[in-house]
K.L.:
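Sending over a structure as structure tokens; questions will come in a sec.
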There are 2 protein chains.
Amino acid sequence: MTSKDWVAHFPGLKALAPEIAKPLVETSRVVVLPAGTRIFGPGQAPDAYLLLIDGTVRVQQASSAGREIVLYRVSAGESCALTTACLMGYEEYQAEGIAETDVEAVAIPRSTFDDLIARSAEFRRFVFTAFSVRVTNLFRIIEEVAFSRIDVRLAQKLLELAGPGAQVERTHQQLAAELGSAREVIGRQLNEFQRRGWIATSRGVINIVRAEALKNLAAAP
Amino acid sequence: MTSKDWVAHFPGLKALAPEIAKPLVETSRVVVLPAGTRIFGPGQAPDAYLLLIDGTVRVQQASSAGREIVLYRVSAGESCALTTACLMGYEEYQAEGIAETDVEAVAIPRSTFDDLIARSAEFRRFVFTAFSVRVTNLFRIIEEVAFSRIDVRLAQKLLELAGPGAQVERTHQQLAAELGSAREVIGRQLNEFQRRGWIATSRGVINIVRAEALKNLAAAP
DNA sequence: ATCGGTCTGTGACTAGGTCACAGACGCATG
DNA sequence: CATGCGTCTGTGACCTAGTCACAGACCGAT
């Protein structure tokens, strides 16, 4: 994306007045990051407000014992809202952001971000809306980690991660990291799903056979 | 607090220019809420940005099965930062805020908030800093719920909640709700702490006898 | 003194996380 | 093709935490 029309990728920004959009486009730059890039993390503070044009970024929290849990994903058209709040505040961001695919993004410098927040009600709305979605989602995750059964959460996650062809290309270890659980536990649950004929598994791939059954379980209290 | 000098309670706001502070003080009002008041929750969206002059507000998340977990507390001198983000965005706030003591607070209307964000870099810094502290704390809670042992978390919580005289005035049920655990589990852990001589318990009250021992456990990985 | 509500204790059981280790699979290399 | 290696998966034994059912204990009000 060498052109300057990336604003069109973000519905919340289309309504920006030209005198607002101009400095935004002029001071920000489009960056391309290969899959696997660590974008921010402890000891690597983010330095700009990121808007994703293409690809996804996975934000996860690692425990001292080496276990992990995925907090959320930033997809095309969205922004790294929480990262930025921490960028604007003083606090060290403890989570880690990894490019899950090749990523194309707009990097808005901190000073431009602050300027836009001051000058545009539209931009404020865009930022705070993104914020509220993330925070609400974090609350949901806390509730699920604390109170939901692992089989229900796994069923939800499989449906969420399923690509075309109802295929989930993840190892048991990766699924465990998604949910903050352990590999063995995920393996046993998957065995049980398979025994019931809901999925078919092979090395690194899970095929969903009976999505309805999974949805039914995922909707359980 | 009938006077208008409440701004002095908030270090982050002292530096506001007079022409900024004036509309802030004029359009906001000081409210007093008795202990136990439900300030916001599902179906009861907050309608203003709250700055606490005195008292504490407990923000918690309830599960469908009736269990609860405390997300954070807002104390005197702090703001309901996350609530407001959700207020400015569109998302329904799923958590619940309860006045834990009698509360005295400044309610800043949404329009004034938006105006201040636009006009004052100081105010923006104040808001985003509050934000980042809360978000960072949420990440810590997710990590602890997912990966930490309940005895370690209970020891931390006892130390955190201890009032003067090293006394914690909570029932087992309340402690369980703090941690998102179950009453019986908390009771057994407390029994074990007592057996080791670290605490002394009676109905509704826990006395910390050996704070050092609890600190030691709380610092465990 | 008794009653009712709240708070606490306990045993039996289930779910989920931990540990140790054994195979199985896929792929590169000789 | 055979070999070897790293990754991925399966399994049993065990431990921790949460669930369920129920029994008492405490405490203030009548």
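Just so we're on the same page: letters track the sequence lines, and every chain starts at 1.
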K.L.:
Hey, can you pull the residues of residues 139-160 of chain B with a non-hydrogen atom under 4.0 angstrom from DNA chain D?
P.N.:
R149(B), I150(B)
K.L.:
Going by the rule salt bridge (Lys or Arg N to Asp or Glu O under 4.0 Å), which residues pair with E78(B) if we only count those two or more places apart in sequence or in a different chain?
P.N.:
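For E78(B), the residues satisfying salt bridge (Lys or Arg N to Asp or Glu O under 4.0 Å) (neighbours in sequence not counted) are R134(B).
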K.L.:
For the atom pair CZ (F128(B)) and CZ (F123(B)), what is the distance rounded to the nearest 0.5 Å?
P.N.:
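Answer for the CZ-CZ pair, F128(B) versus F123(B), is 10.5 Å.
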K.L.:
Under 3.5 Å, is there any donor-acceptor pair linking the side chain of E184(B) to the base of dC20(D)?
P.N.:
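Answer yes: a donor N or O sits under 3.5 Å from an acceptor.
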K.L.:
Within the structure, does a side-chain N or O atom of R67(B) lie under 4.0 Å from either OP1 or OP2 of dT19(D)?
P.N.:
yes
K.L.:
With the threshold set at 4.0 Å, does a side-chain nitrogen-carboxylate oxygen contact exist between R140(A) and E143(A)?
P.N.:
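Salt bridge absent between R140(A) and E143(A).
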K.L.:
Check the distance between dT18(C)'s P and Q173(A)'s CD and give it to me in whole angstrom.
P.N.:
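In whole Å, dT18(C) P and Q173(A) CD are 11 Å from each other.
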K.L.:
For the side chain of R203(A) and the base of dT9(D), is some donor closer than 3.5 Å to an acceptor across the two?
P.N.:
no
K.L.:
In sequence, state the C-alpha distance, the side-chain angles, and the governing distance for N191(A) and R188(A), and then conclude on side chain to side chain donor-acceptor pair (under 3.5 Å).
P.N.:
CA-CA 5 Å; N191(A) 272 348; R188(A) 283 170 192 145; over 6 Å; no
K.L.:
Hey, is the side chain of R170(A) pairing donor to acceptor with the base of dT9(D) inside 3.5 Å?
P.N.:
no
K.L.:
Do NZ/NE/NH1/NH2 and the carboxylate oxygens of R73(B) and E178(B) come within less than 4.0 Å?
P.N.:
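Salt bridge present between R73(B) and E178(B).
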K.L.:
S181(B) side chain: which of dT9(D), dC20(D), dG18(D) is closest?
P.N.:
dG18(D)
K.L.:
Are any of N191(B)'s side-chain N or O atoms less than 4.0 Å away from OP1 or OP2 of dT10(C)?
P.N.:
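So the side chain of N191(B) is within the cut-off, an N or O lying under 4.0 Å from OP1 or OP2 of dT10(C).
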K.L.:
Between dG17(C) atom P and E68(A) atom CD, what is the distance in whole Å?
P.N.:
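Checked: the CD to P distance equals 16 Å.
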K.L.:
Rounded off to whole Å, could you give me the CG-to-P distance for the L175(A) and dG17(C) pair?
P.N.:
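To the nearest whole Å, that distance equals 14 Å.
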K.L.:
After noting the C-alpha distance and the side-chain angles of Q61(B) and I142(A), does the key distance pass the side chain to side chain contact (heavy atoms under 4.5 Å, CB included) rule?
P.N.:
CA-CA 8 Å; Q61(B) 170 91 2; I142(A) 291 179; 5.6 Å; no
K.L.:
I want to check one thing: is the phosphate of dT6(C), taken as OP1 and OP2, less than 4.0 Å away from some side-chain N or O of H172(B)?
P.N.:
no
K.L.:
Please find the pair of heavy atoms, one from Q44(B) and one from I39(B), that lie closest to each other, and give the distance.
P.N.:
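Distance-wise, the nearest heavy atoms are NE2-O, 3.6 Å.
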K.L.:
From CD1 of I186(B) over to C1' of dG9(C), roughly how many Å is that when rounded to an integer?
P.N.:
15 Å
K.L.:
Base, sugar-phosphate, or nothing for Q189(B), non-hydrogen atoms under 4.0 angstrom?
P.N.:
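Sugar-phosphate, backbone atoms only, no base.
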K.L.:
Ignoring hydrogens and angles, does a donor from either the side chain of R183(B) or the base of dG9(C) sit under 3.5 Å from an acceptor on the other?
P.N.:
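Answer is yes: a donor-acceptor pair is held.
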K.L.:
Hey, which sits more toward the 5' end of DNA chain D by its nearest nucleotide, A182(B) or S202(A)?
P.N.:
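Counting from the 5' end, the first nearest nucleotide belongs to S202(A).
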K.L.:
Could you tell me how far apart I69(B) (CD1) and dA17(D) (C1') are, to the nearest whole angstrom?
P.N.:
14 Å
